[in-house]
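Heads up: the structure comes next, in structure tokens.
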2 protein chains.
Amino acid sequence: MARQRAIYQRIADELRADITAGTLREDMRLPTEAELAQRWKTSRATAVQGLKVLVNEGLIVADRPRGYFVRKRRPMVYRPQAEFRIPEPDADIFRQRIADEQDSREPSQKIEVAISSPSKTVQRRLHIDAKTAVAVRRRMRSIDGDPFNLNDSHVPLSLVEGTDWMSPEDVPRGTNRVLAELGYEIIHSVDEIMVRMPTPEESSRLALGPGTPVAEHIVTGYARRDGRETPVQVTVNILPGDRHVIIYDRVREGESA
Amino acid sequence: MARQRAIYQRIADELRADITAGTLREDMRLPTEAELAQRWKTSRATAVQGLKVLVNEGLIVADRPRGYFVRKRRPMVYRPQAEFRIPEPDADIFRQRIADEQDSREPSQKIEVAISSPSKTVQRRLHIDAKTAVAVRRRMRSIDGDPFNLNDSHVPLSLVEGTDWMSPEDVPRGTNRVLAELGYEIIHSVDEIMVRMPTPEESSRLALGPGTPVAEHIVTGYARRDGRETPVQVTVNILPGDRHVIIYDRVREGESA
DNA sequence: CATTACACATTGACTAGTCAATGCACGGCC
DNA sequence: GGCCGTGCATTGACTAGTCAATGTGTAATG
């Protein structure tokens with residue numbers, strides 16, 4: 001016979017079942033630690049251990065000292081491909097959101113531009129070494145004050161020095177348009193998506209609860225120079241798992257997709 | 001002045017810094033709970049709490065009773081688009097892997113075919129209700145005995161009843177080819193990618209350590225019937241975050257991408 | 001009536017232990 | 001030399017508490 005399942009596991013199992021079955025619905029309050037301890041005839045520490053399991057699964061949050069609550073998940077649509085379709089890439093996600101849902105919440109973004117030495121990630125993708133300076137355009141996009149993604153674009157400094165690309169303001173025609181005007185039109189992109197737990201820095205910048213994974217979406221943009229495809233821009237997006245669905249459209253015709 | 005950071009947080013911070021700085025490398029052993037407790041002049045429970053933080057971040061694993069070890073992350077390439085390019089979609093990921101790395105480890109898959117009532121997820125995407133039976137083709141793909149993804153395809157039963165699609169064996173020419181032969185060639189797909197923590201069932205089926213998020217990759221395939229695009233197949237892939245990078249290629253030409 | 005002060009319930013951090021399960025190294029035995 | 005048993009270090013589960021921080025509702029106060 002299989003070994004007895006631990007008490008804290010059984011507590012977690014029962015509560016999880018209640019959540020998936022709908023007995024416990026979004027935003028509803030869970031029993032307190034003390035109540036659970038009593039009901040299962042165990043110590044508070046064990047009840048806490050059970051609750052922590054669900055916290056780490058991203059199913060509940062502790063709102064101290066009000067209690068534990070079932071977490072709500074309202075993902076918004078994120079379409080990497082949109083930037084190839086609509087003139088103003090930057091505005092797109094917001095439009096998407098506003099189109100999808102009627103609620104006209106306040107979108108906002110904070111832009112920061114810096115010059116720095118490229119990280120390993122950027123070096124490899126731009127085919128440059130650590131000594132080649134890059135311009136970095138960091139954006140944090142929020143809705144109603146709630147941050148919902150981080151977006152850092154990296155371009156070799158020599159390509160964009162002194163241009164609008166480096167303006168720490170919104171560029172209405174889009175930074176990709178700026179690159180195109182400079183002779184670096186992005187004609188091909190490679191998207192990489194990795195899934196992991198956030199670093200503490202990401203966690204605090206995005207105000208993530210524990211148990212919230214992120215998708216790291218890296219877009220390498222290639223332009224044609226001297227008849228060859230050359231990488232010109234690497235954009236790293238950090239998307240909280242509880243706030244996004246990433247969508248791609250693929251068609252068979254044309255061998256692309 | 002900001003409130004004092006908790007001891008367990010500081011323990012986690014220090015160890016995390018050692019890992020990202022490379023002082024603690026992959027597969028290296030961490031100090032024991034007792035050592036940490038002593039070094040920080042605290043109780044074992046607090047040291048454990050600090051280690052748990054890193055476990056839940058997916059940075060370390062506890063291998064009882066040998067100790068805690070820095071986790072290794074060896075993602076393999078996953079290309080959803082490949083199935084539109086190479087005749088045998090099923091074989092592709094394996095080929096990819098074998099091409100990328102020389103190590104010829106043993107790929108294998110377990111296939112199961114069932115008839116069932118569609119889940120909400122499938123209903124919505126196939127435009128059917130719970131009363132319409134679907135054929136489900138479940139695959140678990142492994143390398144060297146290590147499971148690395150789950151892949152469940154759903155098709156309305158009426159389309160594939162009695163065909164090769166329902167054979168619980170590998171279909172060398174690919175199940176999408178079978179669909180095409182039946183007059184349901186998939187000409188358009190929509191990919192959705194969601195990021196979340198695994199359910200306990202996924203966790204055990206894929207042998208996931210704690211702190212490992214998954215990507216849920218849902219592909220809805222559309223075929224042309226009577227001049228209209230109709231959804232014919234929904235495939236749900238569960239990809240462990242520590243074992244995958246999802247890659248998409250996008251080109252500007254042809255308005256697709 | 002409105003505003004403030006306070007008690008309370010609840011989670012967060014922590015202490016100081018106990019007992020169980022289990023790889024692993026080492027010593028003894030054939 | 002090879003096999004086996006045993007002890008040990010280490011993590012897993014758990015007990016039974018303490019003190020601190022903090023929203024919330026209630027009671028006291030002007």
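Quick note on labels: first sequence line is chain A, next is B, and so on, each numbered from 1.
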OP1 or OP2 of [N] sitting under 4.0 Å from any side-chain N/O of [X]?
X: B/Tyr8; N: C/dC14; result: no
X: A/Arg44; N: C/dG12; result: no
X: B/Thr46; N: C/dA13; result: no
X: A/Tyr68; N: C/dG12; result: yes
X: A/Thr42; N: D/dT15; result: yes
X: B/Arg64; N: D/dA13; result: no

In whole Å, I'd like the distance from the [atom1] atom of [X] to the [atom2] atom of [N].
X: A/Gln38; N: D/dT15; atom1: CD; atom2: C1'; value: 16 Å
X: B/Leu30; N: D/dA9; atom1: CG; atom2: C1'; value: 16 Å
X: A/Glu35; N: C/dT11; atom1: CD; atom2: P; value: 8 Å
X: A/Lys41; N: D/dC14; atom1: NZ; atom2: P; value: 16 Å
X: A/Ile7; N: C/dA20; atom1: CD1; atom2: P; value: 15 Å
X: A/Glu33; N: D/dA16; atom1: CD; atom2: C1'; value: 15 Å
X: B/Lys52; N: D/dT11; atom1: NZ; atom2: P; value: 11 Å
X: A/Leu36; N: D/dT15; atom1: CG; atom2: P; value: 13 Å

Can we say [X] and [Y] salt-bridge, meaning some charged N sits less than 4.0 Å from an Asp/Glu carboxylate O?
X: B/Asp242; Y: B/Arg73; answer: no
X: B/Arg16; Y: B/Asp13; answer: yes
X: B/Glu35; Y: B/Arg39; answer: no

Residue [X], side-chain heavy atoms: nucleotide from [options] that is nearest:
X: A/Pro65; options: C/dA16, D/dG23, D/dG12; answer: D/dG23
X: B/Ala6; options: C/dC14, D/dT11, D/dT22; answer: C/dC14
X: B/Thr32; options: C/dA16, D/dT11, C/dT11; answer: D/dT11

Q: Pick base, sugar-phosphate or nothing for B/Ala45, based on heavy-atom distances below 4.0 Å to the nucleic acid.
A: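 Touches a base.
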
Q.
Using 30° and 60° as the class boundaries, would you call the ring planes of B/Tyr248 and A/Tyr248 parallel, tilted or perpendicular?
A.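 Judged by the thresholds at 30° and 60°, the geometry between B/Tyr248 and A/Tyr248 is parallel.
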
Q: Kindly check if the number of other-residue, nucleotide or ligand heavy atoms within 6.0 Å of CD (A/Glu26) is above 12?
A: yes

